[in-house]
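First comes the structure, then the notes that go with it.
Along the sequence shown, residues carry numbers from 1.
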Amino acid sequence: MTSGLTNTPRRGDYWGMAAAKRYEERLAEIIRQRGIRPATDAEMEAKEQEIRQEQAARKAEILLGRLDARYRDAMPRWGETAQWLKHYVESENDPKERGRGFVILGNPGAGKTWEAAALARRLLVTHSVPVNFTEAPEFMAALRPSADGGASDIGQFMAAPVLVLDDLGAERTSEWTAEQMFRLADYRNKHCLPTVITSNLDGKQLRERYGDRVIDRMTDGALLLRIPDPETPWRRSPL
C-alpha cells in the first residue's frame with residue numbers, strides 16, 4: 001500500500017526559466033505599450049530619501065509636541081549652545097566624545113530653559129535625534145510607583161539618546177531621590193549618553209546637594225554655559 005505521494009514532479013509544479021522569461025517579455029511589452037518609463041536608480045534613491053525625510057519630519061513633529069508650548073519655536077542664543085551642537089553632530093562615530101553633556105547655570109529668569117529647549121528643538125528638527133526633555137521634579141514624580149502598585153520606569157530616561165534635565169535642584173531631596181539620581185547619572189555616563197542640565201544652583205551647591213559621585217558622572221567632560229542676569233527677566237510678574 002502506498003501513500004499516494006510521488007517524487008515525480010508534475011506539470012506546473014515548478015516556475016521554470018522559460019515561464020519566467022515569457023513573463024518578463026510580457027511585462028516589458030505592457031510597459032512599452034503604456035508608455036511607462038522605468039525609474040532610474042538615481043530617481044529611486046531620491047524618492048527613498050524623500051520618504052525618509054518625510055518620516056523624520058513626522059517623527060520630529062511628534063517629539064516636538066513634548067516640549068512646553070512656550071519653547072517650541074526656541075532658537076539658540078548663546079555660542080556655547082551652537083558649539084555643543086556642532087560637537088555632538090561631528091562626534092557621531094566617537095561615542096566617548098558624543099557623550100559629553102552640557103551644563104547651563106543661571107539665576108531664575110535668565111533664560112536657561114529657553115536655551116535647553118532651543119538645543120532640543122534643533123536636535124529634533126534638524127538632526128532627527130530623539131530627545132527626552134523633562135523637569136527634575138517631573139523626573140522624580142515619574143519614577144515613583146503608581147498608586148495601583150505599578151513599578152516605576154527609569155529606563156526611558158536612562159536610555160534616551162539625549163536627556164534634558166531642566167531645573168535640577170528644584171525637586172525635593174531624600175535618600176531615595178539621591179539613589180535614583182545616581183542610577184541615572186551612572187548609567188548614562190557608562191553608556192556615553194549626553195545629559196543636558198539646567199539649574200539655578202552653582203557648581204558648589206550642586207555638589208553639596210547631590211555629592212561628587214553624581215555630579216562627576218553627570219557632568220563628565222561637559223561644556224559649561226553660565227547665563228548672566230538679563231536686563232529684562234524672561235518671566236515677568238506684575239506682583
So do the side chains of [X] and [Y] get within less than 4.5 Å of each other, counting heavy atoms only?
{"X": "L223", "Y": "V103", "value": "no"}
{"X": "L206", "Y": "S199", "value": "yes"}
{"X": "V131", "Y": "V164", "value": "yes"}
{"X": "T173", "Y": "R209", "value": "yes"}
{"X": "I227", "Y": "I104", "value": "yes"}
{"X": "M140", "Y": "W176", "value": "yes"}
{"X": "L119", "Y": "L85", "value": "yes"}
{"X": "T134", "Y": "L163", "value": "yes"}

State the [atom1]-[atom2] distance between [X] and [Y], to the nearest 0.5 angstrom.
{"X": "D166", "Y": "D68", "atom1": "CG", "atom2": "CG", "value": "9.5 Å"}
{"X": "Q180", "Y": "F139", "atom1": "CD", "atom2": "CZ", "value": "7.0 Å"}
{"X": "M181", "Y": "L168", "atom1": "CE", "atom2": "CG", "value": "5.0 Å"}
{"X": "E54", "Y": "E50", "atom1": "CD", "atom2": "CD", "value": "5.0 Å"}
{"X": "I154", "Y": "R183", "atom1": "CD1", "atom2": "CZ", "value": "4.5 Å"}
{"X": "Q83", "Y": "F102", "atom1": "CD", "atom2": "CZ", "value": "8.0 Å"}

In plain terms, say whether [X] and [Y] are close enough for a salt bridge, that is, a side-chain N and a carboxylate O under 4.0 Å apart.
{"X": "R226", "Y": "E80", "result": "no"}
{"X": "K204", "Y": "D202", "result": "no"}
{"X": "K86", "Y": "E90", "result": "yes"}
{"X": "K112", "Y": "D167", "result": "no"}
{"X": "D186", "Y": "K190", "result": "yes"}

What are the two closest heavy atoms between [X] and [Y], and how far apart are they?
{"X": "C192", "Y": "P95", "value": "CB-O, 3.3 Å"}
{"X": "P161", "Y": "Y88", "value": "O-OH, 4.4 Å"}
{"X": "P194", "Y": "G101", "value": "CB-CA, 4.3 Å"}
{"X": "A120", "Y": "F133", "value": "CB-CD1, 4.0 Å"}

Cationic tip of R213 above F182 ring, under 6.0 Å, 45° of axis: yes
Treating [X] as the side-chain partner and [Y] as the backbone partner, does any N or O pair qualify as donor plus acceptor under 3.5 Å?
{"X": "Y210", "Y": "G169", "answer": "yes"}
{"X": "H191", "Y": "Y187", "answer": "yes"}
{"X": "W84", "Y": "R100", "answer": "yes"}
{"X": "T81", "Y": "P76", "answer": "no"}
{"X": "T177", "Y": "S174", "answer": "yes"}
{"X": "E135", "Y": "L165", "answer": "no"}
{"X": "R188", "Y": "M158", "answer": "yes"}

Transitive ILVMFWY side-chain link M75 to L123, under 4.5 Å: no
Whether W114 and Y71 hold their rings parallel, tilted or perpendicular, with breakpoints at 30° and 60°: perpendicular
Side chains of Q33 and E29, donor plus acceptor under 3.5 Å: yes
Trace of the side-chain contact (heavy atoms from CB on, under 4.5 Å) decision for R72 with R121: CA-CA 7 Å; R72 289 177 193 166; R121 181 179 181 275; 5.6 Å; no
Heavy-atom neighbours of D212 CG exceed 12 at 6.0 Å: yes
